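Each remark here refers to the structure printed beneath this line.
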Amino acid sequence: MKTSWRSASLVASAAAVLVLTTACGQDKADTSTGSQNVGAAPAANGYGSAGAAASPSTGANTGAGAQTQSAGQLAVADTDKLGEVVTDSAGMTLYRFDKDTAEPPKSNCDGDCATAWPPVPASGATAPIGIDKTLLGEVTRTDGTKQLTYEGWPLYRFAKDTKAGDTKGQGVGGTWYATAPDGKKASGGGEAAAGGSAEAADLPGLSTRNDPELGEVVVDKNGMTVYRFEKDVPWPMKSNCVGECLEKWPVVAPVDAADTKGIDNKNDGRRGYVVNNRPDGLKQQSIDCWPLYTFAGDKKPGDTNGQGVGGTWYAISPEGKPLGKPK
């Protein structure tokens with residue numbers, strides 16, 4: 001793995017997430033904090049926040065101190081599999097999480113998730129040589145600590161990366177990707193990659209594709225099939241996929257209605273395109289009051305490996321109907 005310095009232009013951030021309210025029997029949801037430029041300061045650490053998010057279990061790591069120390073001067077490393085990626089001063093790959101938002105910046109990785117994916121402290125971080133320092137910012141996490149952002153996206157290390165150059169977090173759960181120098185997701189091959197192509201990254205937050213067997217299927221911004229769970233309840237809206245279930249069926253984070261294409265995103269005050277405020281603290285997009293999920297067993301856009309699992313999981317139509325469900 002060799003390190004090279006490159007220039008990168010500031011790119012436009014994704015549209016801000018707008019959380020709709022009150023339909024489906026749900027309470028009004030709240031969006032979180034903005035971003036500001038980061039200056040040099042002593043390292044910050046400690047990320048023991050409450051709440052839970054779906055994440056793989058942690059394995060061997062480089063130790064709590066190494067995972068929470070300041071990133072120092074960031075670098076751009078040229079990898080064989082992923083191309084150029086952003087690293088900390090020690091050469092550890094820095095990741096972004098699809099369930100976070102960049103505008104406004106907000107981290108949705110707390111609790112066990114933050115153990116597997118330690119947030120990078122904002123303090124003491126400086127831009128890579130040749131990279132616009134305005135790409136760097138910070139966001140206040142739920143525990144009050146400051147996390148480094150890059151082009152608005154909160155940055156993380158991965159606990160299973162144990163040495164400089166590791167990229168074991170790439171593509172995990174179809175939601176974690178190394179950060180490219182322009183702030184977008186690094187794309188490339190490798191066993192961990194899960195459909196993170198440049199084409200998929202350019203899709204709206206939710207859209208549709210024509211499946212030859214199922215018809216018009218909802219897909220997320222990575223082109224991954226979106227599902228509904230027949231054990232959920234649409235009114236009052238409730239998800240019955242909790243705990244270990246979320247490791248296989250990650251929730252779809254809120255998507256601004258303007259960041260959709262072909263989706264029934266009307267909110268009539270009772271049923272519609274609204275956010276499920278889950279008891280575990282996660283915020284989950286719904287269509288027609290049915291909470292939305294992706295499937296960890298889908299490895300690339302177009303996969304429908306979750307279809308019919310347990311007789312309870314089905315790809316969802318743009319109107320919220322279960323596709324291919326036996327009558």
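Keep in mind it's a predicted model, so treat the numbers as computed, not measured.
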Inspect the contact between Asp110 and Arg141 and indicate whether a charged nitrogen and a carboxylate oxygen are less than 4.0 angstrom apart. yes

Taking atom types as modelled, find out whether Lys283 and Asn277 have a side-chain donor-acceptor pair closer than 3.5 angstrom. yes

Under a 3.5 Å cutoff, is there a donor and acceptor pairing between the side chains of Lys146 and Thr140? yes

As a quick check of understanding, evaluate side-chain contact (heavy atoms from CB on, under 4.5 Å) for Leu282 and Lys99, giving each step before the final call. CA-CA 10 Å; Leu282 296 177; Lys99 297 187 186 303; over 6 Å; no

Out of Leu206, Val251, Asp220, Asn276, which residue meets the side-chain contact (heavy atoms from CB on, under 4.5 Å) rule with Leu292? Leu206

Candidate list Asp112, Val172, Leu155, test side-chain contact (heavy atoms from CB on, under 4.5 Å), partner Trp117, passing option: Val172

Charged N to carboxylate O under 4.0 angstrom, Asp88 versus Arg157? yes

Could you tell me which residues satisfy side chain to side chain donor-acceptor pair (under 3.5 Å) with Arg228, sequence neighbours excluded, listed by chain and number? Glu230

Are Asp98 and Lys185 close enough for a salt bridge, meaning some N to O gap below 4.0 Å? yes

Would you call the rings of Tyr227 and Phe295 parallel, tilted or perpendicular if under 30° counts as parallel and over 60° as perpendicular? perpendicular

Between Asp182 and Tyr150, do the side chains contain a donor N or O and an acceptor N or O under 3.5 Å apart? no

Asp256 side chain to Ala258 main-chain N or O, any donor-acceptor pair under 3.5 Å? yes

Would you call Arg209 and Asp211 a salt bridge, using N to O less than 4.0 angstrom? yes

So, Thr260 versus Tyr273: side-chain donor-acceptor pair below 3.5 Å or not? no

